[in-house]
Amino acid sequence: MNKYIEKAERTHKLTEDELVSLLQNPSSSGELAISADRVRAKYVGSGIHLRGLIEFSNICRQNCLYCGLRRDNPKIERYRLSEAEILELAKKAKSYGYKTVVLQSGEDIYFSVKVLTNLLYKIKEMDLAITLSLGERSLDEYRAFKQAGADRYLLRIETTDKNLYEQLDPGMSFENRKSCLWNLKELGYEVGTGCLIGLPGQTLHSLAQDILFFQQLDADMIGIGPLIPNMDTPLAFAAKGDFDLTKKMVSLLRLLLPEANIPATTAMETLKADARVIILQAGANVVMPNVTEGDYRRKYALYPGKICVADTPAQCRCCIGGKIKSIGRYVAQDKGFRSHISTRSY
Ligand code: SAM
Ligand code: SF4
Ligand code: FES
């Protein structure tokens, strides 16, 4: 076995240079996946957690250069679901057996503390775990959402390269992004973060630093995905993120953060058919099937070639259930909070 993979599986620690060496080694991918799959089985088991994703608004005040929801994109058809529509989708998510709903949107400030807490209380009555992914808010807002029942928060750091971050996310501050993550941690959320793979100017050293940052934060969830260039954004002609590099990153994340919840993300499947099945066997243990209905799926157009835009939530539930069974795994029946088997013994 490659000596760094052996070390990672045994100690869950690698230096930046060791990480870079594995990321650049063209033959490490298979061995990394096998090792990460073993660590996944040991620390988080064979259950796969399904989180029902509700894309409730594509209105955004930010202007990230890679994202189709950016405020300066005039081509996107904007929408915002009503409270009744969101509650209906949450109810359906529950009926498909999902134990968690992920409420995701652009940075849409219509969803004030008052509007959102009202909604959270009602969803909580359905006995669902709630993950929010609404972007940057103040400490007080995060506190109010937590008190109203939010359990988890997803906020990707996108890249730990400060200069690259501020270039790609104009008007946003890297320091503020980081302090949002620490605030969420402080408030007792399960914190999810992650990065984009294949940003123009991103280096392997920067990806290695991303992994070390997630370790330092002791992230409970890490969602990563390849950049998929969107023709309606300034990154229209950027190269797509590389699938194999994304897969290696997932495996390294599992090796270095053995207890984390790591999704096989939808963007990966835009690059390769059956990507989620491949990634679930390379360290991942979560899938986020879409429960958004009808034309809203298409309109939540972060990037082109998004999968499932013509499918119904029921079709997605059935499809993903079949894929999970086909690899000898099963759909977990609990809410899927992060396990703490070995906390800080590694
Ligand atoms: N607005 C919130 C935020 O930025 O945290 C949540 C929604 S945002 C659409 C969710 C994620 O989509 C971002 O964190 C980003 O990594 C990803 N994303 C945006 N544009 C993308 C693209 N062109 N390719 C792949 N992923 C993309
Ligand atoms: Fe808005 Fe999030 Fe897209 Fe940035 S990534 S433009 S914050 S939706
Ligand atoms: Fe949507 Fe396969 S997960 S159709």
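One-based numbering, in listed order, for ligands and for the atoms of each. Not measured: the values here are computed from a predicted model. Side chains are part of it too, since the values below use all heavy atoms of this structure and drop only hydrogens, waters and symmetry mates.
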Any luck finding a side-chain donor-acceptor pair between N25 and S27 under 3.5 Å?
yes

Just by distance, no angles: are the side chains of Q62 and D169 close enough, under 3.5 Å, to form a donor-acceptor pair?
no

Under 6.0 Å between ring centres: does that hold for Y189 and F145?
no

Y43 six-ring centre to R254 NZ/CZ under 6.0 Å and within 45° of normal
no

Go through ligand 3 atom by atom and flag the ones less than 4.0 Å from a non-hydrogen atom of R276.
2 (Fe), 3 (S)

Any residue meeting side chain to side chain contact (heavy atoms under 4.5 Å, CB included) with A275, in chain and number order, not counting sequence neighbours:
F243, M268, E269, K272

Would you indicate whether E6, at its atom CD, is surrounded by more than 12 heavy atoms from other residues, nucleotides or ligands within a distance under 6.0 Å?
yes

K91 atom NZ: more than 12 heavy-atom contacts under 6.0 Å
no

So which protein residues pack against ligand 1 under 4.0 Å, heavy atoms counted?
Y66, C67, Q104, S105, G106, S133, G135, L155, R156, E158, R177, L196, P226, L227, I228, Y300, L302, Y303

Check this for me: does any side-chain nitrogen of one of E107 and R137 sit under 4.0 Å from a carboxylate oxygen of the other?
no

Is the shortest side-chain N to carboxylate O distance from K299 to E55 below 4.0 Å?
no

Would you check if the side chain of [X] reaches a backbone N or O of [Y] as a donor-acceptor pair within less than 3.5 Å?
X: S251; Y: A282; value: yes
X: E31; Y: S28; value: no
X: K7; Y: E18; value: no

Could you tally the protein N/O/S atoms lying less than 2.8 Å away from atom 2 (Fe) of ligand 3?
1

Roughly how far, to the nearest 0.5 Å, is the OG1 atom of T265 from the CD1 atom of I279?
7.5 Å

Dump the intermediate steps for side chain to side chain donor-acceptor pair (under 3.5 Å) on Q209 and T160, then the final yes or no.
CA-CA 7 Å; Q209 283 164 14; T160 51; 4.6 Å; no

Note on atom 1 (Fe) of ligand 2: protein N/O/S atoms within less than 2.8 Å are C60 SG

From atom 3 (Fe) of ligand 2, is the closest protein heavy-atom distance below 4.0 Å?
yes

